[in-house]
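Fair warning: this is a prediction, and the values are worked out from it, not measured in the lab.
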Amino acid sequence: MQYFPTFFLLLFIFLNSCNDRSTDKDLLPLVFSNLLVNPINSGLEDKFQSTQVSTYYRKDGNIEFQDILIEYKLKSSIDTSETVEAFIGNPDEISYNTQTNQISGFFQHKEDLIQSNSVVFSYSNHSKKFKVFLTVKKENKVISYRELNTTPPNPPTIPPNSITLPAISYETKRSLIGGTEYQVIRVKFQTGSDLSAFKQLNAYIGRPSIITLAADNFNVNHYISASFYNSSTENFLFLTPELNSSYKIIVVGSTSDAKGNRSIDTVPPPPPVSPCVGSVNAPTIIGNCATHCMVVDLVGNQMEYTSKGIIDTTTEDYLYLDSTSSTVSGSNGPASFTYTELFAPINIGTYQTNSRSFDVTTYHEGCLVLSSYFVKDGPNGFRDTYISGKVNVP
């Protein structure tokens with residue numbers, strides 16, 4: 001609580017005002033101003049274990065960039081309602097207001113969508129200084145933040161000698177992030193590579209026919225984005241919403257007296273397997289009609305199906321036969337469930353469920369799963385069979 005220090009300060013001012021009336025006039029407004037403008041925001045937490053900001057110089061054509069890498073570790077994992085977001089701005093413009101719980105004056109804002117424990121900003125002037133607010137937000141409210149200041153990077157002196165970088169490889173897959181599907185590309189060095197001598201390791205991604213290595217064999221021109229080597233995950237990471245695109249990736253590295261580069265061409269990941277793979281067209285038969293099957297037919301816009309079960313050797317005491325339809329995702333199908341159940345005596349013969357049908361023009365999936373369960377119980381014991389198959393819906 002802040003009441004006791006404030007009370008004694010006011011008492012001190014009052015007592016001194018007996019000797020100097022101007023003290024009362026000068027200090028009282030200042031005290032009340034501090035109480036009103038700078039209240040203690042007890043709602044904030046310290047959720048960050050550590051934070052670090054690093055800047056890197058890079059050149060694309062005649063433009064000299066600085067890339068600002070903010071890395072962090074949290075004391076505990078964030079829940080699904082929380083996000084880690086960074087705000088960057090000029091030091092004399094960006095600020096956090098404790099009363100409104102808002103950050104203003106920033107010119108760029110990014111969220112760590114894939115929880116990589118890092119956020120990267122790029123700016124086309126390598127000599128500017130910036131201020132960064134790294135925040136944890138819950139329901140769009142700041143619940144924790146760290147204030148960081150950047151130092152501009154120095155343009156590197158390109159080493160005169162050349163070395164051979166370790167071999168590189170890549171992995172690519174599709175991944176759903178924040179409701180958007182991305183192509184995720186990770187570039188790795190050969191397992192067991194000694195990277196301890198390298199002071200700088202960067203990777204650049206671009207169109208195969210456009211991205212180029214500069215004449216100094218170190219700077220990269222006409223790339224789409226850059227990535228820095230993450231020593232904890234031991235890879236360079238790229239995200240792109242272009243799921244079917246191929247890229248060229250150029251990796252450059254430098255030691256105190258030498259530089260080197262590697263490049264690799266990527267192939268996009270294959271599209272996900274269609275859930276309707278293996279589906280057949282109607283008319284068709286699922287199973288074996290000598291024992292147990294489903295007969296599927298297509299008449300105009302109506303798809304019809306019936307389950308059949310055979311009793312062929314002796315009478316039975318019990319018979320159960322059903323027909324079921326469902327979507328490939330497991331939801332209920334377009335036609336209702338039906339079954340037949342009989343008790344002794346059950347003679348030799350063919351038994352079937354009631355026919356089911358639906359209008360294919362009102363069904364919006366590409367295929368349908370049909371299944372049937374058949375049970376016989378009698379002198380030869382209990383026997384059951386289950387059949388299932390996918391049928392294309394035109």
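- Under the 4.5 Å side-chain criterion, counting only non-hydrogen atoms from C-beta, I103 is in contact with I94.
- In summary, the side chains of E85 and T83 do present a donor paired with an acceptor at a separation below 3.5 Å, with no hydrogens or angles considered.
- Of the residues D384, D322, I387, L319, the one that meets the side chain to side chain contact (heavy atoms under 4.5 Å, CB included) test with F374 is L319.
- Summarising the geometry of D257 relative to N161, their closest heavy-atom pair is O-ND2, 3.1 Å, with the distance given to 0.1 Å.
- No side-chain heavy atom of N221 sits less than 4.5 Å from a side-chain heavy atom of K59.
- The side chain to side chain donor-acceptor pair (under 3.5 Å) search around S326 returns none, not counting sequence neighbours.
- Two residues are said to be in side-chain contact when any heavy atoms from C-beta on lie closer than 4.5 Å; P159 and T255 fail this criterion.
- Listed by chain and residue number, nothing satisfies the side chain to side chain donor-acceptor pair (under 3.5 Å) test with N140 (two or more places apart in sequence, or in another chain).
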Go through the steps to decide whether N101 and Y96 satisfy the test side chain to side chain donor-acceptor pair (under 3.5 Å), and finish with yes or no. CA-CA 7 Å; N101 190 244; Y96 170 68; 2.8 Å; yes
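- Contact of the N332 side chain with the F337 side chain is not registered, since no non-hydrogen atoms from C-beta on lie closer than 4.5 Å.
- In the model, Y247 has a side-chain atom that pairs as donor or acceptor with a side-chain atom of T240 under 3.5 Å.
- For the residue pair D265 and Y170, the shortest heavy atom distance occurs at O-CE2, 3.6 Å.
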Scan the side chains in residues 68-75 for donor-acceptor partners under 3.5 Å anywhere in the protein, sequence neighbours excluded, and list what turns up.
from: Y72; atom 1: OH; to: D112; atom 2: OD2; distance (Å): 2.6
from: K75; atom 1: NZ; to: D46; atom 2: O; distance (Å): 3.1

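- For the atom pair CZ of F87 and CG of L134, the computed distance is 9.5 Å after rounding to the nearest 0.5 Å.
- Partners of K390 under the salt bridge (charged side-chain N to carboxylate O under 4.0 Å, His left out) rule, at least two apart in sequence or in another chain, do not exist in this structure.
- Legend: residues meeting salt bridge (charged side-chain N to carboxylate O under 4.0 Å, His left out) with E304, ordered by chain and number and at least two apart, are absent.
- Aromatic ring centroids of F133 and F106 lie 6.0 Å or more apart.
- In this structure, the side chains of I78 and V84 come closer than 4.5 Å at one or more pairs of heavy atoms.
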Side-chain donor-acceptor pairs under 3.5 Å in residues 284-298, sequence neighbours left out?
from: N288; atom 1: OD1; to: A290; atom 2: N; distance (Å): 2.9
from: T291; atom 1: OG1; to: N288; atom 2: O; distance (Å): 3.3
from: H292; atom 1: ND1; to: T385; atom 2: OG1; distance (Å): 2.8
from: H292; atom 1: NE2; to: S372; atom 2: OG; distance (Å): 2.9

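- Note: N202 CG to D67 CG = 7.5 Å, rounded to the nearest 0.5 Å.
- Contact detail for I250 and S263: the closest heavy-atom pair is CG1-CB, 4.1 Å.
- Atom CD of Q200 sits about 13.0 Å away from atom OG of S256, to the nearest 0.5 Å.
- In this model, no donor atom of one side chain and acceptor atom of the other lie less than 3.5 Å apart for N301 and D359.
- K188 is linked by a salt bridge (charged side-chain N to carboxylate O under 4.0 Å, His left out) to E171, counting only residues two or more places apart in sequence or in another chain.
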Table please: side-chain donor-acceptor pairs of residues 207-217 below 3.5 Å, with sequence neighbours left out.
from: R207; atom 1: NH1; to: E242; atom 2: OE1; distance (Å): 2.8
from: R207; atom 1: NH2; to: E242; atom 2: OE1; distance (Å): 3.2
from: R207; atom 1: NH2; to: E242; atom 2: OE2; distance (Å): 2.9
from: D216; atom 1: OD1; to: F218; atom 2: N; distance (Å): 2.8
from: D216; atom 1: OD1; to: N219; atom 2: N; distance (Å): 2.9
from: D216; atom 1: OD2; to: N219; atom 2: ND2; distance (Å): 2.8

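- Surrounding NZ of K173 are at most 12 heavy atoms belonging to other residues, nucleotides or ligands under 6.0 Å away.
- Expressed to the nearest 0.5 Å, how far OG1 of T324 lies from OH of Y386 amounts to 7.0 Å.
- The two atoms that bring N154 and Y57 nearest to each other are O-CB, 4.0 Å, heavy atoms only.
- When the salt bridge (charged side-chain N to carboxylate O under 4.0 Å, His left out) test is applied to K131, the partners found at least two apart in sequence or on another chain are E147.
- Taking the six-membered ring for Trp and the full ring otherwise, F107 and F121 have centroids separated by 6.0 Å or more.
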Would you be so kind as to tabulate the donor-acceptor pairs closer than 3.5 Å made by side chains of residues 228-239, with sequence neighbours excluded?
from: N230; atom 1: OD1; to: S232; atom 2: N; distance (Å): 3.0
from: N230; atom 1: OD1; to: S232; atom 2: OG; distance (Å): 2.5
from: N230; atom 1: OD1; to: T233; atom 2: N; distance (Å): 3.3
from: T233; atom 1: OG1; to: N235; atom 2: OD1; distance (Å): 3.2
from: N235; atom 1: ND2; to: T233; atom 2: O; distance (Å): 3.3

Solution key, residues 268-276 side-chain donor-acceptor pairs under 3.5 Å, sequence neighbours excluded:
from: S274; atom 1: OG; to: C276; atom 2: N; distance (Å): 3.1

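- Looking at residues two or more places apart in sequence or on another chain, you find no side chain to side chain donor-acceptor pair (under 3.5 Å) involving K137.
- Between the OG atom of S254 and the CG atom of N261 there is a distance of 11.5 Å, given to the nearest 0.5 Å.
- Under a cut-off of 6.0 angstrom, the local environment of OH in Y339 is sparse, with at most 12 non-hydrogen atoms contributed by other residues, nucleotides or ligands.
- Taking CG of N281 as the start and CG of N392 as the end, the distance is 5.0 Å to the nearest 0.5 Å.
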